[in-house]
**Q** 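One structure is given below, represented as structure tokens, and several questions about it will come after.
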Amino acid sequence: MNTKLSFGSKVTFCISLAVLSIFFLGNVFQTVALADAAEPWQLGFQDPATPIMEGIIEFHNNLMFFITLIAIFTTWVLGRCLYMYNSTVQKESELFTHSTPLEIVWTIVPALILLVIAVPSFALLYSMDEMIDPGLTLKVIGHQWYWSYEYSDFTSFDESNALNFDSYMLPLEDLSVGPLRLLEVDNRVILPIDTHIRVIVSAADVLHSWAVPSFGIKVDACPGRMNHASMFIKREGVFYGQCSEICGVNHGFMPIVVRAVTLEQYIAWVGKKISE
Ligand SMILES: [Cu+2]
């Protein structure tokens with residue numbers, strides 16, 4: 001084989017470059033969401049608001065490194081094979097059929113890559129399951145087709161007034177300029193920042209899923225079963241999510257809106273709510 005760059009090498013090089021650029025496009029041209037909500041043609045993640053979501057994005061970026069390397073390498077190998085195993089290029093067949101050193105290499109290397117990936121993956125997985133001494137509990141119940149929320153920690157002094165409410169999507173005719181279509185609700189969930197929060201999720205009728213991308217939270221709401229998750233919101237803001245389990249005709253119309261406020265504002269809100 002001559003050392004000059006052959007036509008096949010150029011083709012495989014171009015294909016590798018194309019694959020590489022596709023992988024990079026997804027990361028470089030990340031769209032910046034105006035609110036903490038999904039936006040049309042969004043390619044990247046929404047800005048994280050919890051340490052868990054930060055971890056998820058970090059892990060995603062780590063994986064992208066390996067994925068890019070593997071994609072380029074396998075595309076190159078495939079391209080070379082397609083080109084070289086061709087009677088016009090190679091008249092005479094090579095005689096070897098096995099290569100023990102090569103087989104050892106292509107077993108060990110992927111195993112090592114998996115090992116390198118597994119360590120941060122498990123660390124993240126277990127940290128997501130961790131329940132760190134929650135300061136308050138939010139109970140989320142999915143209904144066809146709205147969410148209801150209970151703040152089980154709070155009742156009025158005579159226990160006649162509990163803090164719970166339903167949260168419906170704002171219909172189109174009630175929307176003014178500003179609120180997001182199909183994402184805004186009549187009653188937002190109010191939660192404090194810098195507090196360990198336990199979220200308990202269940203459903204009253206069919207499967208739903210309570211998901212807020214900026215929090216890195218997606219918990220299935222199963223009838224007759226309590227699922228839980230913990231979160232720690234790091235910044236104030238309004239965070240949008242949607243039901244993420246096909247649950248019937250209005251599945252797309254049961255959004256989630258969480259407003260994260262300071263602890264003082266939160267306490268004031270709770271006081272106002274239970275005295276209503
Ligand atoms: Cu649902």
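Every number for a ligand or one of its atoms is a count from 1 in the order of the listing. Just so it is clear, the values below take in all heavy atoms, side chains as well, and ignore hydrogens, waters and symmetry mates.
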**Q** Is it true that a side-chain atom of Ser127 and a backbone atom of Ile52 form a donor plus acceptor pair closer than 3.5 Å?
**A**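 Absent.
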**Q** Side chain of Asn187, backbone of Asp166: donor and acceptor closer than 3.5 Å?
**A**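 Checked: pair present.
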**Q** Between Phe215 and Phe239, what is the ring plane arrangement, given parallel below 30°, perpendicular above 60°, and tilted in between?
**A**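 Geometry flag for Phe239 against Phe215: tilted rings.
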**Q** For Phe154 and Tyr151, take the angle between the two ring planes, folded into 0 to 90°, and tell me which bin it lands in: parallel under 30, tilted 30 to 60, perpendicular over 60.
**A**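 Correct class here is tilted.
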**Q** For the residue pair Trp210 and Tyr149, categorise the inter-ring angle as parallel (less than 30°), tilted (30 to 60°) or perpendicular (more than 60°).
**A**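 It falls in the perpendicular class, over 60°.
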**Q** Starting from the Cu ion (ligand 1), count all protein N, O or S atoms within a radius below 2.8 Å.
**A**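 Counting protein N, O and S atoms closer than 2.8 Å to the Cu ion (ligand 1) gives 4.
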**Q** Please name all residues satisfying side-chain hydrogen bond (donor to acceptor under 3.5 Å, both in side chains) with Thr88, sequence neighbours left out, ordered by chain then number.
**A**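 By the side-chain hydrogen bond (donor to acceptor under 3.5 Å, both in side chains) rule, Thr88 matches Asn86.
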